[in-house]
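As structure tokens, the structure follows; a few thoughts come after it.
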Number of protein chains: 4
Amino acid sequence: MSKKPFNIGLIGPGFMGRTHSNAYRRVSNFFDLEHTPVLKAICGRNRENAQAFADQWGYESVETDWRKLVERDDIDAIDICTPNNLHAEIAIAAAQAGKAILCEKPLAMNVEEGLRMVEAIEKAGVPNTVWYNYRRVPAVTLVKKLIDEGRLGRIFHYRANFLQDWTISADLPQGGAALWRLDAQAAGSGVTGDLLAHCIDTALWLNGSIRDVSAMTEIFVKERMHNLTGQKEKVTIDDACLFHCHFANGSLGQFEATRYARGHKALYTFEINGEKASVRWDLHDLHHLEYFDHSDDSVIRGWHDVHVTDGDHPYMENWWVPGLQIGYEHTFVHQVADFLTAIAKGQPCAPTFRDALETQRVCDAVINSANSRRWMDVD
Amino acid sequence: MSKKPFNIGLIGPGFMGRTHSNAYRRVSNFFDLEHTPVLKAICGRNRENAQAFADQWGYESVETDWRKLVERDDIDAIDICTPNNLHAEIAIAAAQAGKAILCEKPLAMNVEEGLRMVEAIEKAGVPNTVWYNYRRVPAVTLVKKLIDEGRLGRIFHYRANFLQDWTISADLPQGGAALWRLDAQAAGSGVTGDLLAHCIDTALWLNGSIRDVSAMTEIFVKERMHNLTGQKEKVTIDDACLFHCHFANGSLGQFEATRYARGHKALYTFEINGEKASVRWDLHDLHHLEYFDHSDDSVIRGWHDVHVTDGDHPYMENWWVPGLQIGYEHTFVHQVADFLTAIAKGQPCAPTFRDALETQRVCDAVINSANSRRWMDVD
Amino acid sequence: MSKKPFNIGLIGPGFMGRTHSNAYRRVSNFFDLEHTPVLKAICGRNRENAQAFADQWGYESVETDWRKLVERDDIDAIDICTPNNLHAEIAIAAAQAGKAILCEKPLAMNVEEGLRMVEAIEKAGVPNTVWYNYRRVPAVTLVKKLIDEGRLGRIFHYRANFLQDWTISADLPQGGAALWRLDAQAAGSGVTGDLLAHCIDTALWLNGSIRDVSAMTEIFVKERMHNLTGQKEKVTIDDACLFHCHFANGSLGQFEATRYARGHKALYTFEINGEKASVRWDLHDLHHLEYFDHSDDSVIRGWHDVHVTDGDHPYMENWWVPGLQIGYEHTFVHQVADFLTAIAKGQPCAPTFRDALETQRVCDAVINSANSRRWMDVD
Amino acid sequence: MSKKPFNIGLIGPGFMGRTHSNAYRRVSNFFDLEHTPVLKAICGRNRENAQAFADQWGYESVETDWRKLVERDDIDAIDICTPNNLHAEIAIAAAQAGKAILCEKPLAMNVEEGLRMVEAIEKAGVPNTVWYNYRRVPAVTLVKKLIDEGRLGRIFHYRANFLQDWTISADLPQGGAALWRLDAQAAGSGVTGDLLAHCIDTALWLNGSIRDVSAMTEIFVKERMHNLTGQKEKVTIDDACLFHCHFANGSLGQFEATRYARGHKALYTFEINGEKASVRWDLHDLHHLEYFDHSDDSVIRGWHDVHVTDGDHPYMENWWVPGLQIGYEHTFVHQVADFLTAIAKGQPCAPTFRDALETQRVCDAVINSANSRRWMDVD
């Protein structure tokens with residue numbers, strides 16, 4: 001086993017930090033790669049938390065100041081799992097330090113910030129990727145393949161939802177620790193950046209660019225206790241966001257994200273209707289793809305329920321045997337595998353920062369459209 | 001509208017009487033037939049009930065003695081909807097009177113009775129059919145077509161269940177009126193004749209004859225109030241019946257019927273596994289057929305969910321438009337349409353009495369096997 | 001059987017004419033009503049077609065001029081099944097003649113026409129209803145009941161789609177006979193009036209009025225052969241229409257209708273997310289209701305798959321027994337039953353013309369919003 | 001991180017070896033345990049293969065003779081992943097050497113062998129468990145909890161299937177390497193020990209002991225090329241096995257396993273019908289549990305589709321957040337976690353060898369019943 005070590009410094013020992021750490025630890029058992037990730041350092045503002053995280057995941061060292069981490073010579077890549085408002089500063093510093101960068105989504109607080117990040121990273125010429133992990137659900141990757149093979153033909157409709165219900169209770173506070181996603185200061189936006197951004201990333205990848213959008217947002221619970229102030233504060237993030245749009249290829253898009261859809265935990269779904277075939281997918285059963293092919297014999301034509309666990313499905317030959325499902329966490333393993341493969345080949349690993357900037361442009365247009373009650377071009 | 005009248009005399013103004021009456025009334029609106037059924041007479045022991053039924057359904061006359069009905073010159077066909085213990089006597093008399101006969105299932109109380117019925121009817125040469133209506137669910141008819149086209153190839157497995165839950169409560173009485181199905185005197189057997197017989201009829205039609213069976217039956221609630229005696233009486237029908245078997249074509253069968261499957265109302269299901277393709281169907285969603293075809297491209301291979309409502313699906317061009325489902329009652333309309341078509345062509349209409357006798361043979365073998373705890377040949 | 005005859009004169013012997021005729025013929029077999037519908041006269045411009053329809057369905061007479069029909073003394077009710085551009089003229093004349101009126105949806109070509117119809121009918125004081133039949137799918141009626149009982153609590157989201165795929169082929173012509181729905185002259189609009197109107201009617205009934213809308217429409221195939229001119233003509237109806245909206249109760253709506261959703265025949269779906277519970281329904285499995293109740297014990301909490309076939313479900317005690325499904329056509333039977341019940345009680349039968357005018361207002365706002373690319377108030 | 005090392009010596013670097021190695025590597029990241037497994041040694045007859053496996057999974061050393069492994073002082077536990085015909089010899093030796101033992105299922109080639117294993121292990125007093133991993137799918141563990149809480153009430157029916165289709169092709173050879181499962185010398189039986197044994201283990205756990213069985217087996221492809229002899233040889237394993245049975249609690253069981261069910265890869269399913277509630281589960285969607293509760297309000301009563309991913313579901317608080325599914329491999333992690341927890345507490349970890357012996361008794365009775373065509377008592 002003469003693999004090259006690839007030393008990771010991860011900032012943000014929280015939920016996303018766990019998913020990434022797990023991916024780094026597992027990838028070499030399942031994928032044959034030139035590099036093997038090494039959990040070199042974890043960085044968190046609270047040393048005790050960071051140390052506990054290091055113990056749990058086997059990080060070799062702990063930092064409490066991300067700037068120090070970025071300056072360390074023994075670090076090959078910086079993985080940014082902080083709240084969104086820190087992405088830009090860290091990424092730009094890491095780029096300047098010549099580190100490879102893996103950044104949690106969404107890329108930035110807004111397009112302006114994102115653009116500075118892209119410029120920094122491209123100037124530095126460092127490998128980079130943004131963790132829009134759902135591209136690498138095997139069923140979703142399969143959709144990309146089916147589209148590229150021309151199986152769907154001309155696309156007419158693209159529909160995507162991301163439905164959750166965890167913020168319905170008015171007693172849930174906002175801000176601080178695990179709840180920074182409810183705080184516009186830390187998150188930039190609500191469901192738009194947190195959930196819709198995933199839908200948009202997949203859509204741009206599968207169906208090309210979006211031309212213009214008409215959106216609406218809503219805040220259902222107007223005030224919540226704030227964990228940092230101890231006061232009831234106005235809620236400033238969007239609880240729900242809907243938009244429709246024109247894609248550049250002439251198809252129509254319809255999108256929605258909300259945390260007020262009782263009965264859904266993390267129901268990211270999309271459906272694409274093409275002239276020749278259609279596909280449907282949802283995250284609650286991520287190992288399935290529904291596929292309708294108009295060229296099937298008419299009497300037995302119907303939606304195929306494809307159990308995406310066969311050896312010829314994307315990524316699946318690396319796991320178990322047909323019929324045995326994988327889960328959420330594997331998408332991160334796939335992204336690490338692809339990132340390391342890309343590095344070995346000297347190629348970019350999508351979605352790059354530049355790809356993610358496109359998603360940011362759509363998010364900004366959506367928010368602007370909702371605020372102005374007007375159609376907005378994406379540019 | 002110069003259609004020939006086809007005069008029906010129906011015996012038994014109960015639940016099945018309703019389904020048949022509805023079928024006679026509707027068939028000419030949807031199927032282009034030489035004959036049109038006329039509801040000539042309803043026969044029931046209780047005149048008041050029979051009259052109310054006649055009023056509801058538009059029968060021209062009422063009889064209380066089935067022998068009188070059978071003798072009437074203005075009757076072309078006798079429809080037998082009585083409890084099972086009267087089928088033989090009525091059918092034989094009707095055959096001798098030269099009437100066409102439509103008999104509710106199961107054919108008889110046992111093979112001996114059934115054989116006499118078949119002999120009588122074949123001697124008389126009268127048109128005849130038994131109401132195993134589920135053959136004529138469009139999705140089930142479609143399965144027959146797929147098998148006949150060779151799409152499934154060699155068959156390995158046939159599985160069928162008929163699951164209900166309406167007799168779980170120990171407070172439910174047995175016998176009399178609507179509850180004759182719980183009385184062995186009137187019904188012959190319990191779930192075997194009532195539910196399994198449907199599964200067996202379909203199986204024989206789709207997969208050929210059954211060679212031998214190994215069965216078990218159970219009575220979960222041993223005593224129930226009897227409506228006719230007013231006493232707690234021993235329950236003599238089978239509450240549940242399971243068997244496995246060899247089909248003549250070498251495939252293996254597994255069957256089960258019960259009225260103790262909490263959560264299922266009338267869940268008749270079957271699945272057939274062939275070398276090249278498999279099918280699945282259930283009565284709770286009778287307008288769907290699930291179909292798996294191994295010859296599909298591997299990456300998009302999966303069970304097809306066929307919404308059996310297109311114009312090229314069996315019977316469906318006579319109804320509405322694609323996507324709009326029909327229901328339970330339509331199966332009876334189809335059987336009337338096919339029966340009248342067969343009469344016009346001078347052909348038999350399956351399942352004939354002789355076909356139904358085969359089902360009876362399997363039912364008897366099943367009961368015998370369960371009682372003796374031994375494999376039984378079907379012969 | 002001393003039921004009062006209720007004499008129907010139906011205009012338009014086409015697809016909808018069949019569904020209504022079937023409903024009139026069946027209702028008395030299943031519902032205990034004071035009146036029994038009599039198929040007195042069918043009216044169609046082509047006498048041969050009309051006569052064939054009369055023969056098929058048992059109409060006593062044939063008319064070729066609807067004005068004559070409206071003037072006949074032996075007609076109690078006029079049923080309007082013509083293309084949309086004739087609704088207003090016929091309905092107003094029928095009202096003036098004192099007839100009860102059952103009008104196919106959508107009510108009118110636009111709000112102005114609809115308003116004149118409502119005024120005429122209210123001035124005449126005649127019984128009236130519009131055939132938004134999907135309200136009377138038992139599962140949909142059940143949703144209304146659940147909402148009225150307060151089971152959903154505050155509503156956050158309402159989503160509805162109506163997806164078809166029958167016009168994808170560019171070879172399909174427009175106009176004339178069965179294809180008047182593709183001709184703006186006859187239909188007024190495309191999917192907006194044909195499909196979205198159903199979604200809107202249900203939404204207004206279940207979730208109250210809509211305040212404002214932002215819409216987009218699209219014509220995917222710009223030119224088609226026209227059956228009446230024999231030329232390629234510009235397509236003027238909308239192939240697809242999407243909108244989002246605010247309901248008066250503060251919830252957000254998202255709607256879409258299209259005839260370019262490959263794989264869907266008549267997939268009308270809706271989902272409603274409330275604070276306490278959510279519901280989902282679709283027309284391809286119309287006998288199911290999916291229901292999520294947050295008050296269920298957490299470990300067994302999940303979407304209930306309710307097979308809406310029990311005796312305590314709306315309308316179902318009139319049909320068969322639990323587990324046995326009904327279909328599309330029964331919704332029309334239910335509407336006739338309710339209409340005749342309302343007449344017997346001297347009450348209105350929703351949706352009345354006035355109710356349907358509200359739907360028309362939303363449709364007009366949707367079309368205006370799409371054309372102007374601006375939010376439109378509904379008023 | 002002052003965890004006690006727990007040194008594993010694993011025999012059999014094949015498919016099951018991978019699943020176990022993965023489990024040992026991951027458990028400490030997700031479960032807070034006293035011990036942490038250390039991959040001390042891998043043992044395989046082919047050194048090259050074993051070394052490659054060691055490299056892939058990080059084993060510290062390689063052995064080619066399992067007897068040497070068993071004698072090593074630095075090994076705490078022996079994990080047996082060999083073909084079935086080696087289980088007994090290895091397990092007995094390991095017990096005598098005082099090692100904890102984790103043995104792949106089925107326990108043994110037959111009851112006689114299994115009994116010797118149990119005696120050895122109980123005499124030695126070593127911790128032991130058998131890898132019937134499906135007990136630890138969270139949804140399956142939840143079923144156990146629901147039954148123990150009395151939610152199902154008296155059980156009437158237990159149904160289980162294990163359906164695969166990978167041996168349909170007559171061109172598939174038997175024997176050697178990955179195909180030892182098709183060789184009776186190595187496997188003991190075919191689907192009975194490989195697949196049905198899983199169904200039986202779960203059934204005994206959930207529904208108690210089985211009293212008697214009536215079974216049938218079949219070999220569909222009678223001869224196959226044998227990889228070890230290079231000749232066409234008679235196939236001696238069972239391709240399919242069906243049985244029904246009485247449970248000691250009075251309920252009826254129906255079981256089937258086959259590798260000839262076209263369309264199913266690894267479809268292990270079971271359903272349990274109780275007086276008060278029923279449950280259904282299948283391995284192709286292992287993160288779902290279907291649950292029907294008769295005590296639900298009748299109008300909204302239906303099967304609950306429980307997405308078993310909430311924090312209060314078994315094992316799930318150790319993984320991600322609600323809505324995010326885990327997969328097949330996690331069941332092994334759970335078994336390691338429970339085994340190490342049991343060791344820390346000095347308690348047994350079910351299924352123990354003795355538990356697995358019960359499963360073996362049923363398997364033997366099933367094979368005997370099939371061979372003799374008679375009911376067989378389990379004892």
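A, B, ... follow the sequence lines: proteins, then strands. Residue 1 opens every chain.
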Check: Does a side chain donor of either H288(A) or D285(D) reach within less than 3.5 Å of an acceptor in the other side chain?
Finding: yes
Check: Taking atom types as modelled, is there a side-chain donor on Y328(D) or T19(D) under 3.5 Å from an acceptor on the other?
Finding: no
Check: R259(A) and side-chain hydrogen bond (donor to acceptor under 3.5 Å, both in side chains): which partner among D194(A), D239(A), D165(A)?
Finding: D194(A)
Next item on the list: Look at Q51(D), H264(D), H287(D), Q164(D) and state which one has the largest set of heavy-atom pairs under 4.5 Å with chain A.
Entry: H287(D)
Margin query: Looking at chain A, which one of K265(D), Q325(D), R25(D) has the largest number of heavy-atom pairs inside 4.5 Å, strictly under?
Written below: Q325(D)
What part of [X] is in contact with chain D, defined as an atom under 4.5 angstrom from a non-hydrogen atom: side chain, backbone, both or neither?
X	answer
H307(A)	side chain
W319(A)	both
N22(A)	side chain
R26(A)	side chain
H330(A)	side chain

Margin query: Tell me whether the NZ or CZ atom of R18(D) lies within the 45° cone about the ring axis of W320(A) and under 6.0 Å from its centre.
Written below: yes
Next item on the list: Please confirm whether the backbone N or O of Q56(D) pairs with a side-chain atom of N29(A), one donor and one acceptor, at under 3.5 Å?
Entry: yes
Notebook entry, point to check: So, do W166(D) and Y260(D) have ring centers that fall under 6.0 Å from each other?
Noted result: no
Notebook entry, point to check: Checking heavy atoms, do the side chain of D310(D), its backbone, both or neither come under 4.5 Å from chain A?
Noted result: side chain
